[in-house]
Amino acid sequence: MLQVQLPDGKILECADNASAMDVAMQIGPRLAKATVAARIGDRTVDATRPLTTFTDQRPVPLRLLTDRDPESLDVLRHSCAHVMARAVMRLFPDVSLAFGPTIAGGYYYDFDLKHKLSEDDFAAIEAEMAKIVGQEEPFEQFSLGRPEATQLCSDLKQSLKVEHIQTGLAEHEQLGFYRQGEFVDLCRGPHIPHAGYIKAFKLMSVAGAYWKGDAAGRQLQRVYGTAWFSPKDQQAYLDQIEEARRRDHRVLGKKLGLFHITPDVGQGLCLWLPKGARIRVLLEEFLRNELLQRGYQPVYSPHLGRVELYETSGHFPYYRDSQFPPLFTAQAGGLVDAWIEMLKKDEPLAEDAEARLFQAAQVLGVEIEGFDLSLAKDEKLKLLNQWQRQHERYLVKPMNCPHHAQIFKAQPRSYKQLPLRLFEFGTVYRYEQTGELNGMLRVRGLTQDDAHIFCTDDQVEEEFRNTIELTKFVLKSVGLSDYRVQLSLRDPNSNKYVGSEENWSRAEAALRKVLEESGLEFHAREGEAAFYGPKADFMVRDCIGRQWQLGTVQLDYNLPERFQLEYVGADNKMHRPVMIHRAPFGSMERFCGMLIEHFAGAFPLWLAPEQIRILPLSEKSNDYALQLEKELTDAGFRVTTDLRGAKVQAKIRDAQVELIPYMAVVGPKEAETHSAALRDRLQGDLGAMPVSEMIAKLTEEVRERSIRHVVKSELPTAEETSKEVANEY
RNA sequence: GCUGCUGUAGCUCAGUGGUAGAGCACUUCCUUGGUAAGGAAGAGGUCAUGGGUUCAAGUCCCAUCAGCAGCUCCA
């Protein structure tokens, strides 16, 4: 007999070869019907295979998973991925399968296929899937040794699977497969008992993807789908996607006149229209006041800096490809620069090509003493670099920190001045890849609410704690309360990082300690750190459950080293300060873009670009309306008056559509009593009230920075999209 | 950067080789109103750009630019 222990501690006696399904049946047929999979320890397993195949532990620690457990959805979706692959294979027999894991909200499967899939194919695939689901065939697991597994995949003409067994799975002695009817797939599982458990599914989109995520590798076609235990759940999911689409900041930004991006200015370069700029100014003023109170000092730095500055900081060599190319004052600068880059590459430059470069350089007035084409590569590089250093080269700044480091260096520093907190809304430019650009969320010119804190080793913890507090305060003020922190640490197996082992360990330990003490939800991730230090990023969830990376705090032991920053300590010796980079908003562009989506364009009163619109009943009341506009403007509000010769209903509708928080309807009655009929965008008519009362009410709402009208997502939010390929080997 | 899709009026879009269209917005006129669209008239286009095929191209082909989705990247 096999002993099984359920979550409530109860022990059941079962047959030696019992499966989770058998256990469920033993408890009750209704439970058995609802059972989808099972959990043994922290592993999700098939409900239909003997428990003894999964564990040697006795009694077996078993938790049955029904369609109500979140883990079950992953199982269902992965099975649905198999169903989809099977359908695709029936329609396109020459298809070669890659991977088909679950992801947040659904699943995908990558195909290598001659036929170019498009959404037009979805109906046929879905129809085939419906047939498969209707047949309710079971998923049957079996294992093979390496040679047999390789042979099987090869017989099935699945070359990608063969490749994967030989490379990615080189360590595995036994390889698992699942069979469903004629469809066999190399797969770790687990799966639902049979396809009939899929009560709702839908193909969502098709896109390109790379084999094993390698941009240099083969391009595959990826079909995304979703699957649910009930059509109702699926509809709720589709509704949420629709809601996200409605909130798209690019659409709202256009509709509400907040910002504009045009190829006439350049890709990824954002124009802030008056109303969008208004929101930004308000946020900047809010933060500036807060920083001044917290002992920060404002600084300004130029948009350009010498290339050498960024060579010193390390940014230029490391990020060269994602920066705008250097600017040269000498005419031939670009040519020499390109020449150097070509020489640096391993493949040798054709001799006549280099001769022509040399000639062109000479035409452009480059004179390099002692240069000869017959010189060794290193010699040539030395002379060309020497020429470059004798001529000015500038970079549009990709980072503010080197400038701020220079401000620190501008005078001798004493420990008494530390911590020195320098802040600037600094605009930086980065040459992001075309495919990455996305409205205001990913741009090529962005303004960071940047600051650098220079402090002693002893102050690091306290300063880091303060920045965490600041970020918490800022997020709270704009009504963002659902967030957690991602602590990004170095990848111990990589050598892309600069700085000593010891500094890294110290920095990582300090961050972890403060985060632990802060009570914030945080999780650590290795390999996500910046090249110069570990960081803590604020991952903020908006009102419909999407996650955004906004504020960031980064520790840096490296830059002070590179810039040779020093201060005089109490011991009259020179010491190296530590630098903390921090930006509670992150970038103004990204933050505002996120806020637009979070509020669906309906900003709270304190941030609304237009707070009140005065609607005169007819032209007869225009004079009073304008008088009221002046009064409200003097009281500090952002007000306009709708003087069009339209009916008040039409004016109301337009103001509603433009998401103006308050309307003030005025007619002869109001003019007589110096009042206004206030209309709340959300609650409707609030009735007439004296102007003084209205000012008091709205002033209070601004002062409190009240947030109303934010919807809360009904759906459980998908856990952050994991990079791991679940369900796959 | 890669793969795929898209580009027609300020906006949203229709137009499948034969005279450039609609709704909204805009302008003017009428209407002077009490909480989500009053009426009429008018103006607005090098059909993204450049080539090509054709008697004829918004429509077919090629290139470029830009946008969208996904991948890859993100100091």
Side-chain angles (χ1 to χ4, degrees), chain A residues 103 108 110 116-120 204-224 248 250-251 254-255 257 260-264 266-268 310 313-316 318-323 397-402 428 430-439 441-444 446 448 450 498 528-533 535 537 549 552 554 556 558-559 581 583 586-587 590 615-622 644-658 663-670 677-681 683-688:
Chain A
I103 50 171
Y108 65 78
D110 286 346
K116 292 260 179 284
L117 287 169
S118 77
E119 300 204 357
D120 299 339
M204 303 298 290
S205 61
V206 55
Y210 298 107
W211 170 237
K212 298 201 171 181
D214 179 6
R218 191 171 351 189
Q219 270 267 334
L220 306 171
Q221 302 188 67
R222 173 172 300 179
V223 178
Y224 288 87
D248 191 317
R250 291 164 300 189
V251 177
K254 191 177 277 186
K255 203 174 99 186
H260 181 56
I261 296 176
T262 165
D264 293 338
Q267 266 189 304
Y310 299 100
S313 73
H315 291 110
F316 182 64
Y318 194 84
Y319 286 107
R320 178 168 185 143
D321 288 345
S322 38
Q323 289 169 2
K397 72 173 165 185
M399 282 295 269
N400 298 303
C401 25
V428 298
R430 297 170 184 182
Y431 194 78
E432 303 284 3
Q433 299 182 52
T434 2
E436 297 312 328
L437 299 173
N438 177 283
L441 301 179
R442 195 79 184 268
V443 287
R444 285 186 173 163
L446 55 131
Q448 298 175 315
D450 211 358
V498 291
E528 297 285 314
F531 73 95
Y532 53 73
K535 57 178 181 172
D537 293 319
Q549 188 195 312
T552 180
Q554 315 189 353
D556 191 346
N558 172 53
L559 223 48
H581 313 243
S587 91
R590 190 177 167 73
L615 311 179
L617 209 53
S618 77
E619 280 166 20
K620 291 174 195 151
S621 304
N622 279 1
R644 292 176 305 168
K647 284 170 71 169
V648 73
Q649 284 89 337
K651 294 182 185 181
I652 287 171
R653 180 179 186 274
D654 289 347
Q656 289 281 148
V657 168
E658 288 175 57
M663 285 152 257
V665 177
V666 294
K669 273 188 287 182
E670 286 76 14
L678 194 61
R679 182 189 162 95
D680 183 317
R681 187 183 69 83
Q683 296 168 34
D685 190 6
L686 300 180

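In what follows, chains are A, B, ... by sequence order, proteins preceding strands, each numbered from 1.
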Compare all side-chain heavy atoms of [X] with those of [Y] and state whether any distance is below 4.5 angstrom.
X: A:Val665; Y: A:Glu670; answer: no
X: A:His581; Y: A:Leu559; answer: yes
X: A:Tyr210; Y: A:Gln219; answer: yes
X: A:Lys397; Y: A:Tyr310; answer: yes

Determine the interatomic distance between [atom1] on [N] and the same-named atom on [M]; round to the nearest Å.
N: B:U64; M: B:A22; atom1: P; value: 36 Å
N: B:U59; M: B:G7; atom1: P; value: 11 Å
N: B:A43; M: B:G51; atom1: C1'; value: 34 Å
N: B:A20; M: B:U49; atom1: P; value: 16 Å
N: B:A75; M: B:A36; atom1: P; value: 50 Å
N: B:G15; M: B:U54; atom1: P; value: 28 Å
N: B:A9; M: B:G44; atom1: C1'; value: 6 Å
N: B:U19; M: B:C47; atom1: C1'; value: 15 Å

Spell out yes or no: do the side chain of [X] and the base of [N] have one donor N/O and one acceptor N/O closer than 3.5 Å?
X: A:Arg218; N: B:C2; result: no
X: A:Tyr210; N: B:C2; result: yes
X: A:Arg430; N: B:C74; result: no
X: A:Gln219; N: B:C2; result: yes

Contact summary for A:Ala530 and A:Gln554, nearest pair of heavy atoms: CB-OE1, 4.5 Å
So how far is it from [X] [atom1] to [Y] [atom2], rounded to the nearest 0.5 Å?
X: A:Met663; Y: A:Leu686; atom1: CE; atom2: CG; answer: 10.0 Å
X: A:Arg442; Y: A:Arg430; atom1: CZ; atom2: CZ; answer: 9.5 Å
X: A:Gln649; Y: A:Leu615; atom1: CD; atom2: CG; answer: 11.0 Å
X: A:Ile652; Y: A:Arg679; atom1: CD1; atom2: CZ; answer: 5.0 Å

Phosphate contact (B:C5 OP1 or OP2) by A:Lys116 side-chain N/O below 4.0 Å: no
Test applied, side-chain contact (heavy atoms from CB on, under 4.5 Å); reference residue, A:Leu617; option that passes from A:Asn622, A:Val666, A:Val648: A:Val648
Lys/Arg-Asp/Glu bridge criterion (N-O < 4.0 Å) met for A:Asp214, A:Lys212: no
Using whole Å, report how far [atom1] of [X] lies from [atom2] of [N].
X: A:Gln221; N: B:C5; atom1: CD; atom2: P; result: 10 Å
X: A:Met663; N: B:A37; atom1: CE; atom2: P; result: 13 Å
X: A:Tyr108; N: B:C71; atom1: OH; atom2: P; result: 8 Å
X: A:Asp556; N: B:A75; atom1: CG; atom2: P; result: 13 Å
X: A:Leu615; N: B:A36; atom1: CG; atom2: C1'; result: 11 Å
X: A:Met204; N: B:C5; atom1: CE; atom2: C1'; result: 17 Å
X: A:Leu220; N: B:C2; atom1: CG; atom2: P; result: 17 Å
X: A:Lys651; N: B:G38; atom1: NZ; atom2: C1'; result: 13 Å

Listing time: all N or O pairs from protein to nucleotides 61-68 of chain B that are below 3.5 Å?
{"from": "B:A66", "atom 1": "OP1", "to": "A:Gln267", "atom 2": "OE1", "distance (Å)": "3.2"}
{"from": "B:G67", "atom 1": "OP2", "to": "A:Gln267", "atom 2": "NE2", "distance (Å)": "2.5"}
{"from": "B:C68", "atom 1": "OP1", "to": "A:Arg250", "atom 2": "NH1", "distance (Å)": "3.0"}

Watson-Crick or G-U wobble mate for [N], both contacts under 3.5 Å:
N: B:G33; result: none
N: B:C60; result: B:G52
N: B:C68; result: B:G4
N: B:C24; result: B:G10
N: B:G45; result: none

Sugar-phosphate, base or nothing in reach of A:Gln323, heavy atoms under 4.0 Å: base
Sugar-phosphate, base or nothing in reach of A:Lys397, heavy atoms under 4.0 Å: nothing
Upstream residue (5' side of RNA chain B) when A:Ser118 and A:Tyr532 are each assigned their closest nucleotide: A:Ser118
5′-ward residue of the pair A:Glu432/A:Ala650 relative to RNA chain B: A:Ala650
A:Tyr224 over B:G70, stacked by centroid distance under 5.5 Å, angle under 30°: no
Under 3.5 Å, which protein N or O atoms sit close to an N or O of nucleotides 25-35 of chain B? Give each pair with its distance.
{"from": "B:U32", "atom 1": "O2'", "to": "A:Lys620", "atom 2": "NZ", "distance (Å)": "2.9"}
{"from": "B:U32", "atom 1": "O2", "to": "A:Ser618", "atom 2": "OG", "distance (Å)": "3.3"}
{"from": "B:U32", "atom 1": "O2", "to": "A:Glu619", "atom 2": "N", "distance (Å)": "3.0"}
{"from": "B:U32", "atom 1": "O4", "to": "A:Glu619", "atom 2": "OE1", "distance (Å)": "3.0"}
{"from": "B:U32", "atom 1": "O4", "to": "A:Glu619", "atom 2": "OE2", "distance (Å)": "3.0"}
{"from": "B:G33", "atom 1": "N7", "to": "A:Leu617", "atom 2": "O", "distance (Å)": "2.6"}
{"from": "B:G34", "atom 1": "N1", "to": "A:Glu670", "atom 2": "OE1", "distance (Å)": "2.9"}
{"from": "B:G34", "atom 1": "N1", "to": "A:Glu670", "atom 2": "OE2", "distance (Å)": "3.2"}
{"from": "B:G34", "atom 1": "N2", "to": "A:Glu670", "atom 2": "OE1", "distance (Å)": "3.4"}
{"from": "B:G34", "atom 1": "N2", "to": "A:Glu670", "atom 2": "OE2", "distance (Å)": "2.5"}
{"from": "B:U35", "atom 1": "O2'", "to": "A:Arg679", "atom 2": "NH1", "distance (Å)": "3.0"}
{"from": "B:U35", "atom 1": "O2", "to": "A:Arg679", "atom 2": "NH1", "distance (Å)": "3.2"}

A:Arg590 side-chain N/O to A:Gln549 backbone N/O, donor-acceptor pair under 3.5 Å: yes
